[in-house]
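Notes follow the structure.
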Number of protein chains: 2
Amino acid sequence: MRRSDSEIPDIVVGRLPIYLRALIRLQQEGREITSSQELGERLGISSAQIRKDLSHFGEFGKQGTGYTVSTLIAELQRILHVDREWEVALVGVGDLGRAIAHYGGFAHRGFCITHLFDNDPNKIGEKINNLVIQPVSELKETIKKAGIRIAMITTPADSAQEIANELVEAGVGAILSYAPVTLSVPKHVRVQYIDPVLHLQRMSYYLNDRD
Amino acid sequence: MRRSDSEIPDIVVGRLPIYLRALIRLQQEGREITSSQELGERLGISSAQIRKDLSHFGEFGKQGTGYTVSTLIAELQRILHVDREWEVALVGVGDLGRAIAHYGGFAHRGFCITHLFDNDPNKIGEKINNLVIQPVSELKETIKKAGIRIAMITTPADSAQEIANELVEAGVGAILSYAPVTLSVPKHVRVQYIDPVLHLQRMSYYLNDRD
DNA sequence: TAGATTGTTAATCGATTAACAATC
DNA sequence: TAGATTGTTAATCGATTAACAATC
């Protein structure tokens with residue numbers, strides 16, 4: 001198959017991080033070789049799908065053997081652009097924002113929160129993990145200057161669109177929003193959402209009443 | 001169309017909460033009537049898809065007019081089983097678990113965190129939002145007795161599978177996991193995952209290097 | 001060599017969309 | 001009535017899977 005000739009389905013891209021996560025886990029367990037079948041069993045995905053997905057980007061395996069774990073990890077990191085560390089801005093330092101700022105699991109997976117913003121005067125200047133909370137009024141200028149491309153929104157729903165606008169103007173190209181509203185952004189900007197209630201509601205559909 | 005004759009595609013079920021969220025927002029804006037077209041524009045989904053999705057469950061609209069917002073909200077809440085309040089157990093009271101326990105946005109959307117578990121002796125007995133943190137050793141018994149069906153896992157990756165096993169034995173049928181590992185559970189149990197890094201990696205794929 | 005597993009093709013399956021009769 | 005929008009069918013589109021030649 002041809003190297004990433006533009007049209008990789010987004011649904012395929014969305015599975016690569018899952019493969020990467022599983023491979024890193026395999027590596028931690030000391031495994032050096034794996035196969036599409038093993039990976040598939042762990043993830044509940046067919047081996048054919050894994051091979052097909054990977055084939056969009058190149059040939060990474062060896063017939064009769066499988067994949068070298070470390071090689072495939074490196075390839076996926078390169079493809080996903082996480083063979084480097086991205087600086088991430090976080091906007092909205094409430095309970096959730098604070099928890100995320102404290103969370104240590106981002107750095108070794110390609111992302112590092114380097115800037116915090118909020119518009120509560122009581123929070124401005126406060127330090128979390130060595131980062132000073134800046135006022136939202138400084139957001140655009142700061143992000144532009146620092147060349148930041150990725151941001152997380154952890155503000156209440158009402159301010160989310162407004163913040164998104166600022167971020168886009170500042171040159172951000174990827175937004176991860178925890179605010180429970182669909183954001184409207186230019187099509188060159190990627191947005192992903194996290195709303196735990198959506199997941200809960202999707203599951204409660206399958207729970208029949210009992211009590 | 002026939003009433004929920006068992007085989008509704010899960011991908012359709014997954015969109016209903018998104019519709020519900022948008023409708024509630026419309027209602028807050030004072031709107032009483034809407035159409036599949038308007039809803040679709042707000043969500044970036046085709047109007048045909050919205051009508052098709054809804055048609056799996058019944059006929060809720062009126063030709064020439066559209067949908068009564070309050071009616072459609074009530075119907076979706078009924079379909080998703082969030083026309084009631086589910087008790088939810090939260091396991092793992094670290095930074096993230098704490099933030100979630102404090103978060104007030106669950107209750108009015110059908111879910112209420114009523115139990116907290118952790119196995120750090122220093123945390124046992126501590127109170128968050130009037131809830132006492134219980135030891136994991138009491139988990140199975142407590143959840144069984146309370147008849148709890150939904151749980152959230154906010155433990156580190158290493159303990160997640162173990163906790164999931166306990167939850168399943170206790171009768172839980174829906175698990176929302178923040179731990180970055182694929183859990184293995186019996187097929188009658190639903191699992192949903194939240195791993196922000198997966199979303200970030202999926203987006204960084206589309207960011208070309210610049211600096 | 002015999003056994004295993006890849007990468008890829010073609011077939012299948014399922015989901016989305018376009019179009020329109022029905023009707024408010 | 002004229003205009004609008006539903007619910008549904010059939011057509012299109014895209015994603016998944018089965019199967020296998022290639023080959024390690």
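Just so it is clear: chains get the letters A, B, ... in the order the sequence lines come, proteins before strands, and each one is counted from 1.
- Among the heavy atoms of the strands, none lies under 4.0 Å from B:S47.
- In this structure, A:I50 places its CD1 atom 16 Å from P of C:dT8, rounding to the nearest Å.
- Here C:dC24 presents its P atom at 14 Å from OH of B:Y67, a figure rounded to the nearest Å.
- Between B:D83 and B:R78, no side-chain nitrogen of the basic residue sits less than 4.0 Å from a carboxylate oxygen of the acidic one, so the salt-bridge criterion is not met.
- A:F106 and A:Y103 have perpendicular rings, their planes meeting at more than 60° on a 0 to 90° scale where under 30° would count as parallel.
- Atom pair A:L54:CG and C:dT6:P shows a separation of 9 Å (rounding to whole Å applied).
- Using a 4.0 Å cut-off between charged nitrogen and carboxylate oxygen, B:D158 and A:R25 count as a salt-bridge pair.
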key: Protein-to-nucleotide contact annotation, 5' to 3' order, nucleotides 10-21 of chain D [B base; S sugar-phosphate only; - none; under 4.0 Å, heavy atom]   = -----SSBBB--
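- Using a 4.0 Å cut-off between charged side-chain N and carboxylate O, B:R202 and A:D10 make a salt bridge.
- The distance between atom CZ of A:F60 and atom P of C:dG7, rounded to the nearest whole Å, is 8 Å.
- Looking at A:D195 and B:R109, a side-chain N of the basic residue comes within less than 4.0 Å of a carboxylate O on the acidic one, giving a salt bridge.
- The separation between A:H56 atom NE2 and C:dT8 atom P is 10 Å, rounded to whole Å.
- The number of heavy-atom neighbours closer than 6.0 Å to CD of A:E29, taken from other residues, nucleotides and ligands shown, is above 12.
- For B:Q37, the side-chain atoms get nearest to D:dT5 when compared with the rest of D:dT5, C:dG7, D:dG7.
- Between the B:H81 side chain and the B:Q77 main chain, no donor and acceptor come within less than 3.5 Å of each other.
- Listed pair B:T65 / D:dT5 fails the phosphate criterion, with no side-chain N or O lying under 4.0 Å from OP1 or OP2.
- Using a 4.0 Å cut-off between a side-chain N of Lys or Arg and a carboxylate O of Asp or Glu, A:E38 and A:R31 qualify as a salt bridge.
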key: Nucleotide pairing, DNA chain C (Watson-Crick or G-U, distances under 3.5 Å), in dot-bracket with [ ] and |   = ..||||||||||||||||||||||
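- Atom CD in B:E59 sits about 14 Å away from atom P in C:dA22, given to the nearest Å.
- Salt bridge absent: B:K144 and B:E141 never bring a charged side-chain N and a carboxylate O closer than 4.0 Å.
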